Amino acid sequence: MLDIIKKIKNNLVSNFEGIGDKDILVSSPPEIKMGDVSVPLFALSKKLNIPLPELAEKCIPLVKIETFVDKVERVGGYLNLFLNRDVTAGEIIKQVLKSNKLFGSSFSGKGKKALIEHTSINPNASPHVGRARNAMIGDSLSRIFRFEGYDTEVHYYVNDMGRQIGLLVLISDEIENLDFNGILEAYVRANQRAENDPEFAQKGYDLLAKMEQGDEDVRKKFFHVTEMCLKGQLQVLKRLGVDYDYFDRESNFIESEELNKVLEVLKTKGALFVDEEQRLTVDLAPLGYTQEEGRYFVLRRANGSSMYGYRDLAYTIYKGLMGADEDIIVLGEDHKLYLQQISLILSGAGYKPPVPVFYSYILLKEGKMSTRQGNVVLLSDFLDTASELAFKRVQEQCKELSEEEQKLIAEQVAVSAIRFAVLRVTPTKNVIFDIESALSFEGDTGPYLQYSCARIKSILRKYGKEIPLNISDEIPIQQDEEWILVRKISEFPLTVLNSIEQRNPSIIAGYALDLAHTFTSFYHTCPVLQAEKEEIKEARLQICSATLQTMQNALHLLGISVPERM
RNA sequence: GCGCCUGUAGCUCAGUUGGAUAGAGCACUUGCCUCCGGAGCAAGGGGCCGUGGGUUCAAAUCCCGCCGGGCGCGCCA
């Protein structure tokens, strides 16, 4: 399908002076009756200064690609092409079944490296679904980059420093056997106490200072608390299928030669100064910042201790020096100004800042999530209830399976429910998270996608033999539903490219839904195993198999696995 | 107040980057399990695409104003 579009473009570009690939738009007509591919000529007519009817006449033979295009109709300013269904379907299905797990990849990242930092939550509590949005988007992007052939590494920045951690370390001395479950309560208590007790707060700072100065005992304590918390968080994220390659600890970036070089450059630009209270500060105005709000960026306190911004700059430079072609960081929208600031600092010194992928917050139906008001949805809580619900369902429907297998499937269903509910929304928009509908497993949900796969698997299982792979050049297409499904399959590679270009997994999610809908529609009108003729049966088996492969590939990019039955 | 993001069916979201009659799901109404899995399918009702201007053959999409929502705005991370 991609090839056909390419050929059409090539033919047109090489036959008219002064136009490029981008001048030729290719879309599809609104209805299947009107054809399969459409080329709007309005803009072209204007650019070439040729009246529409005349231009259309000239274009018709150029777009009539041999064996693939049966007929071309002109409707208004559009050229509508009708593809030869049997030939095109043969081509597409063959390609899918040959490429298997790689179908959909254009290998646009071959020979390139991608570095993605995501999640990086503060080690102070079990993650709620809002935090998990970062992990899901980041993980999905990592999968997409890998799929496109990028040598991809995933980094997790462990915020093992800072005032809050200092307080947490203090309070952990008072609590016996503080474990991950008790950590949020301890954290809240520590912060409350710091608010009411200045002495306690000061002790936190002192501890932090000792940590920075390299006091072994204190460092050990910090490590112990943050490591315990990180482990707990990772365990929950692991349930989602989220993995990381590197854990980079903030405490390793207290001092950085590279950053000090950057600061030297800033000094020559008049962008670095020590303010009247002895704080080492960057003035962003000489670097091109135009507003007063957020103009000053503090790096070190009066006592010389580093601020978060200093350490993070050092870390960002460290990542940048790894030479990735794509240096990406997934951040909540609350970090927009902050990232703008450090980007200015870095590019001011000639460094390439990372490319941010921002996402907006998850809101509950009742409003914002608030830890204090207790209306947060913990990721692990959601997974527990979803898994339990799914388990009951699986117990009813898959009686022949062992309880162990049933539980495994239920967990897969739970994960797909949350991942899909979050990933299907464009990152820049708020997700309004409705627990009830996320737990319903009906309609446009992850479990629905898994279900449509399970049905295909069921057909293939009943068939019992290998799908004949010696596909002839043509595949007999009987019904519109078959053809629409094949066309939808062929859109997958473009969808993936689109999604990686925009760094937006929701495009894949939308595609997966479309594909599932087209399939179930096909499923209800076209009997496969009971097809009227053997060759039609084979054709449909191949279409089923190609659909399953495409769906599995798409779902893999979203981090959703496909159970054999459910 | 200033900056960034956002506004599409009662609700939750799509909309191929400016193209043909704006699409799904939930909810509501009506059909469909002796027939490959009903976590499903088919059909119906439901829209001033927040609002007022502008740009052009063509605007939900681009520009400007206003209104509503999210986020941020120097010693936190």
Side-chain angles (χ1 to χ4, degrees), chain A residues 25-31 34 38 40 42-43 45-46 52 75-78 80 120 122 124 159 161-165 250 275 277 279 281 290-302 307-309 311-312 332-338 340 358-361 363 365 368 390 393-394 397-398 413 421 424-434 436-438 440-445 447-452 454-463 491 494-495 498 501-502 506-507 509-511 513-514 516-517 520-521 523-531 540 544 565-566:
Chain A
L25 295 164
V26 178
S27 57
S28 45
E31 272 182 275
M34 299 171 74
S38 78
F42 307 97
S45 147
K46 200 170 182 184
L52 257 178
V75 183
Y78 297 90
N80 290 339
S120 306
N122 290 336
N124 59 20
N159 302 126
M161 283 196 67
R163 201 181 68 99
Q164 281 101 328
I165 305 301
E250 186 182 341
D275 74 1
E277 287 170 59
R279 294 174 294 229
T281 307
T290 53
Q291 274 180 273
E292 199 51 34
E293 296 87 7
R295 175 178 162 182
Y296 299 105
F297 190 88
V298 178
L299 295 173
R300 286 193 183 280
R301 298 184 179 90
M307 298 278 294
Y308 177 81
R311 290 170 246 135
D312 195 31
E333 62 175 340
D334 51 333
H335 285 72
K336 273 185 184 175
L337 174 62
Y338 171 75
Q340 197 192 339
F358 290 114
Y359 64 91
S360 194
Y361 282 16
L363 310 175
K365 242 164 105 187
K368 297 179 200 180
R393 195 76 175 267
V394 176
Q397 291 188 25
C398 308
V413 171
R424 82 193 206 95
V425 181
T426 300
T428 49
K429 298 211 323 189
N430 288 111
V431 171
I432 314 290
F433 188 69
D434 177 9
E436 274 184 38
S437 68
S440 80
F441 309 151
E442 271 166 26
D444 287 351
T445 62
Y448 166 72
L449 300 176
Q450 292 176 313
Y451 182 70
S452 61
R455 280 176 148 178
I456 303 176
K457 289 196 173 196
S458 169
I459 293 174
L460 301 182
R461 203 165 47 234
K462 284 217 166 88
Y463 179 64
E491 288 171 18
L494 262 179
T495 307
N498 207 341
E501 248 165 55
Q502 298 187 43
S506 83
I507 294 170
Y511 173 80
L513 267 184
D514 263 6
H517 283 137
T520 32
S521 177
Y523 176 89
H524 281 276
T525 45
C526 305
V528 178
L529 298 175
Q530 272 85 40
R540 288 183 179 163
C544 281
R565 38 189 113 200
M566 60 191 279

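Every value quoted in this text rests on a predicted model; they were computed, and no experiment measured them. Residue numbers start from 1 in every chain, and the chains themselves are labelled A, B, ... in the order their sequence lines are given, proteins ahead of strands. What's counted below: heavy atoms across the whole structure, side chains too, no hydrogens, waters or symmetry copies.
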Taking any heavy-atom pair under 4.0 Å as a contact, classify [X]: base, sugar-phosphate, or nothing.
| X | value |
| --- | --- |
| A:Lys365 | nothing |
| A:Asn80 | base |
| A:Val298 | nothing |
| A:Met34 | base |

Under 4.0 Å between a side-chain N/O of [X] and OP1 or OP2 of [N], yes or no?
| X | N | value |
| --- | --- | --- |
| A:Lys336 | B:rG70 | no |
| A:Arg393 | B:rA39 | yes |
| A:Ser360 | B:rC5 | no |
| A:Tyr359 | B:rC4 | no |
| A:Tyr451 | B:rA39 | yes |
| A:Ser452 | B:rG40 | no |
| A:Thr525 | B:rA42 | no |
| A:Gln397 | B:rG37 | no |
| A:Lys429 | B:rG69 | no |

Grab the N/O contacts between the protein and nucleotides 31-35 of chain B below 3.5 Å, and write none if there aren't any.
none

Could you state the atom-to-atom distance from [atom1] of [X] to [atom2] of [N] in whole Å?
| X | N | atom1 | atom2 | value |
| --- | --- | --- | --- | --- |
| A:Tyr338 | B:rG74 | OH | C1' | 14 Å |
| A:Asp334 | B:rC5 | CG | C1' | 12 Å |
| A:Glu436 | B:rA39 | CD | P | 20 Å |
| A:Gln340 | B:rC2 | CD | P | 17 Å |
| A:Leu337 | B:rG70 | CG | C1' | 16 Å |
| A:Tyr523 | B:rA39 | OH | P | 10 Å |
| A:Glu333 | B:rG72 | CD | P | 8 Å |

Next on the checklist: Nearest heavy atom decides the nucleotide; on that basis, is A:Met566 or A:Asn159 closer to the 5' end of RNA chain B?
Outcome noted: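 Nearer the 5' end of the strand: A:Met566.
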Checklist entry - Out of B:rG72, B:rG37, B:rG74, which has the shortest distance to the side chain of A:Glu292? => result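 Between B:rG72, B:rG37, B:rG74, the one nearest the side chain of A:Glu292 would be B:rG74.
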Checklist entry - When you measure from the side chain of A:Arg301, which nucleotide among B:rC76, B:rA20, B:rA42 comes out closest? => result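 Nearest nucleotide to the side chain: B:rC76.
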Item to check | Those residues that, when tested against A:Tyr359, pass ring-ring contact (aromatic ring centres under 6.0 Å, His included) (two or more places apart) | outcome: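 Listed in chain order: nothing, the list is empty.
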Next on the checklist: Please enumerate all residues that pass ring-ring contact (aromatic ring centres under 6.0 Å, His included) together with A:Tyr296, with sequence neighbours excluded.
Outcome noted: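 If we apply the ring-ring contact (aromatic ring centres under 6.0 Å, His included) test to A:Tyr296, skipping adjacent residues, the hits are A:Phe273.
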Checklist entry - Hey, is A:Tyr448 stacking on B:rG40? Ring centres under 5.5 Å, planes under 30°. => result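 One would not call A:Tyr448 stacked on the B:rG40 base.
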Checklist entry - Got a minute to check which stems RNA chain B is part of, using Watson-Crick or G-U wobble pairs under 3.5 Å, three or more consecutive? => result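 So far as stems of 3 or more pairs are concerned, RNA chain B shows B:1-7 with B:67-73, B:10-13 with B:23-26, B:28-32 with B:40-44, B:50-54 with B:62-66.
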Pairs: protein N or O with nucleotides 22-30 of chain B N or O, under 3.5 Å:
unit_1, atom_1, unit_2, atom_2, d
B:rA24, O2', A:Asp444, OD2, 3.2
B:rG25, O4', A:Asp444, OD1, 3.3
B:rG25, O4', A:Asp444, OD2, 3.0
B:rG25, O2', A:Asp444, N, 3.1

Between the protein and nucleotides 54-60 of chain B, which nitrogen or oxygen pairs are less than 3.5 angstrom apart?
unit_1, atom_1, unit_2, atom_2, d
B:rC57, OP1, A:Lys46, NZ, 2.7

Item to check | A:Ser360-A:Thr428 side chain donor-acceptor pair, cut-off 3.5 Å | outcome: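 No pair is found: no donor N or O on one side chain lies under 3.5 Å from an acceptor on the other.
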